[in-house]
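Okay, so here's the structure we're looking at.
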Amino acid sequence: MKILVTGFDPFGGEKINPAIEAVKRLEDEILGAEIIKLEIPTSISRCDEILKENIDRHRPDVVVSVGQAGGRAGITVERVAINIDDFGIDDNDGNSPIDEKICEGPDAYLLTLPIKAMVSKIRKAGIPASVSNTAGTFVCNHVAYFVANLAGRDYPHMKTGFVHIPYLPEQVATKEEVASMSIENIVKALSLGIEAIVENREDLKITGGKTH
């Protein structure tokens with residue numbers, strides 16, 4: 001099994017992005033699966049081409065995209081990606097679309113990773129984790145949707161999904177009452193999530209819903 005794991009470069013004035021820092025620290029093999037690591041720009045002008053080029057080259061069985069969700073306290077595994085770009089801030093190339101379609105395709109995709117199995121395994125290790133029902137409308141959601149649409153169009157065997165992670169402690173040193181997580185726990189959580197992907201062809205039938 002080949003698993004392509006992507007992480008973004010820093011954005012929004014931050015000097016570091018925990019996504020790519022954690023991805024770089026993953027083992028090259030997890031439970032027999034080859035882990036291919038890829039840094040992608042926080043830019044809708046450039047990320048699509050880089051993603052397609054690498055997916056076409058490596059033909060992975062799974063794509064796991066990882067992004068920073070500053071303010072979230074735990075690991076959040078995304079359930080859905082929607083076909084909309086509606087940025088609250090500029091991306092790294094100054095793009096700031098409002099209510100624009102990402103590409104031709106359905107309004108939304110349910111992502112295909114075993115999200116509840118991933119959350120369950122991460123929680124059992126004592127790391128906060130939950131299912132998330134919104135990936136936002138910034139570049140994270142853009143990537144989640146673009147890769148899901150590419151799979152639906154060209155790679156029907158390929159599972160895709162997105163994992164949001166918190167700030168690192170050094171990012172919140174001057175931010176009052178903002179959650180963070182150590183790089184060690186983020187790497188551990190991502191590794192456990194990947195283990196759950198390898199171990200589970202079908203997702204667990206356990207609750208992961210929220211009331212709001």
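In this chain, numbering begins with 1 at the start of the sequence shown. As a basis for the values below, the full set of heavy atoms in this structure was taken, side chains included, without hydrogen atoms, waters or symmetry mates.
Closest non-hydrogen pair, Ala196 versus Pro114, comes out as O-CG, 4.0 Å. In plain terms, the two heavy atoms of Val139 and Ser43 that are nearest each other are CG1-N, 4.1 Å. Residues Gly67 and Ala19 approach most closely at CA-CB, 3.9 Å, considering heavy atoms. The nearest pair of heavy atoms linking Ile186 to Pro18 is CD1-CB, 4.3 Å. Counting all heavy atoms, side chain and backbone alike, Pro106 lies closest to Asn149 at CD-OD1, 4.0 Å. Taking all atoms of both residues into account, the shortest heavy-atom contact from Gly71 to Ala179 is O-CB, 4.2 Å.
Remark: side-chain polar atoms of Asn83 are paired, donor with acceptor, to backbone N or O of Ile102 under 3.5 angstrom. Using modelled atom types, no side-chain atom of Lys2 and backbone atom of Ile36 make a donor-acceptor pair closer than 3.5 Å. Arg123 contributes a side-chain N or O that, together with a main-chain N or O of Ala129, makes up a donor-acceptor pair within less than 3.5 Å. Looking only at distances, no side-chain donor or acceptor of Lys121 sits under 3.5 Å from a matching main-chain atom of Gly193. Judged by distance alone, the side chain of Asn200 and the main-chain N or O of Asp203 form no donor-acceptor pair under 3.5 Å.
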Can you check side-chain hydrogen bond (donor to acceptor under 3.5 Å, both in side chains) on Thr42 and Asp91, steps first, answer last? CA-CA 6 Å; Thr42 308; Asp91 71 11; over 6 Å; no
Starting from the C-alpha separation in whole Å, work towards a yes-or-no answer on side-chain contact (heavy atoms from CB on, under 4.5 Å) for Tyr109 and Val80. CA-CA 6 Å; Tyr109 282 102; Val80 63; over 6 Å; no
Checking side-chain hydrogen bond (donor to acceptor under 3.5 Å, both in side chains) for the pair Tyr155/Asp61: CA distance, chi angles, key distance, verdict? CA-CA 9 Å; Tyr155 296 101; Asp61 301 288; over 6 Å; no
For side-chain contact (heavy atoms from CB on, under 4.5 Å), just list the numbers for Val131 and Ile115, CA-CA rounded to whole Å, side-chain angles, deciding distance to a tenth of an Å, and then say yes or no. CA-CA 7 Å; Val131 172; Ile115 59 176; 3.8 Å; yes
Show your reasoning for whether side-chain contact (heavy atoms from CB on, under 4.5 Å) applies to Glu53 and Asp56. CA-CA 5 Å; Glu53 177 186 327; Asp56 288 345; 6.0 Å; no
Verdict with reasoning, Leu190 to Val163, per side-chain contact (heavy atoms from CB on, under 4.5 Å): CA-CA 8 Å; Leu190 292 179; Val163 180; 3.9 Å; yes
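Under the 4.5 Å side-chain heavy-atom criterion for ILVMFWY residues, no single connected hydrophobic cluster contains both Leu51 and Val5. In terms of hydrophobic clustering, with Ile, Leu, Val, Met, Phe, Trp and Tyr side chains grouped at heavy-atom distances under 4.5 Å, Ile75 and Met118 are assigned to a common cluster. Criterion: ILVMFWY side-chain heavy atoms under 4.5 Å apart, direct or through other members. Under it, Val63 and Phe8 are part of a common hydrophobic cluster. Transitive grouping of hydrophobic side chains (ILVMFWY, heavy atoms separated by less than 4.5 Å) brings Ile122 and Leu113 into a common cluster. In terms of hydrophobic clustering, with Ile, Leu, Val, Met, Phe, Trp and Tyr side chains grouped at heavy-atom distances under 4.5 Å, Leu111 and Ile84 are assigned to different clusters.
Salt-bridge annotation for Lys37 and Asp28: present, with a side-chain N of the basic residue lying under 4.0 Å from a carboxylate O of the acidic one. Salt bridge Arg46/Asp93: present, at least one basic N to carboxylate O contact under 4.0 Å. Salt-bridge annotation for Arg25 and Glu184: absent, with no side-chain N of the basic residue lying under 4.0 Å from a carboxylate O of the acidic one. Between Asp48 and Lys52 there is no salt bridge, since no side-chain nitrogen of the basic residue lies less than 4.0 Å from a carboxylate oxygen of the acidic one.
Residues Pro41 and Asn92 form no side-chain contact, since every pair of their non-hydrogen atoms from C-beta on lies 4.5 Å or further apart. Contact of the Lys159 side chain with the Ile197 side chain is not registered, since no non-hydrogen atoms from C-beta on lie closer than 4.5 Å. Counting heavy atoms from C-beta on, the side chains of Glu170 and Ile16 come closer than 4.5 Å. Contact of the Glu29 side chain with the Ile35 side chain is not registered, since no non-hydrogen atoms from C-beta on lie closer than 4.5 Å. Between Ser120 and Leu204, the closest side-chain pair of non-hydrogen atoms falls below 4.5 Å. Residues Glu195 and Ile30 meet the side-chain proximity criterion, which asks for heavy atoms closer than 4.5 Å. Looking at heavy atoms from C-beta onward, Cys103 lies in side-chain contact with Tyr145 at the 4.5 angstrom threshold. Inter-residue side-chain proximity for Glu78 and Ser132 is flagged as met; some heavy-atom pair is nearer than 4.5 Å.
Remark: Asp99 CG to Asp85 CG distance equals 10.0 Å, nearest 0.5 Å. The structure places CE of Met158 at 12.5 Å from CD1 of Ile3, a figure rounded to the nearest 0.5 Å. The OG atom of Ser96 sits 8.5 Å away from atom CD1 of Ile89, with the distance rounded to the nearest 0.5 Å. Rounded to the nearest 0.5 angstrom, Met181 CE and Leu168 CG are separated by 10.5 Å. Annotation: the span from Lys188 atom NZ to Ile183 atom CD1 amounts to 14.5 Å, rounded to 0.5 Å. The NZ atom of Lys24 sits 12.5 Å away from atom CG of Leu38, with the distance rounded to the nearest 0.5 Å.
Note: Phe87 and Phe138 have perpendicular aromatic rings, judged against thresholds of 30 and 60 degrees for the angle between ring planes. Taking the six-membered ring for Trp and thresholds of 30 and 60 degrees, His142 and Phe146 have nearly parallel ring planes, at less than 30 degrees apart.
Within a 6.0 Å sphere centred on NZ of Lys210, other residues, nucleotides and ligands contribute more than 12 heavy atoms. For Glu27, the CD atom is loosely surrounded, since the number of other residues' heavy atoms within 6.0 Å does not exceed 12.
Among residues two or more places apart in sequence or in another chain, the side chain to side chain contact (heavy atoms under 4.5 Å, CB included) test is passed with Val178 by Tyr167, Val172, Lys175.
Considering His164, Gln171, Glu21, Glu14 in turn, Gln171 is the only one that fulfils the side chain to side chain donor-acceptor pair (under 3.5 Å) rule with Gln68.
Side-chain atoms of Thr6 and Ser65 form a donor-acceptor pair, as typed in the model, at a separation below 3.5 Å.
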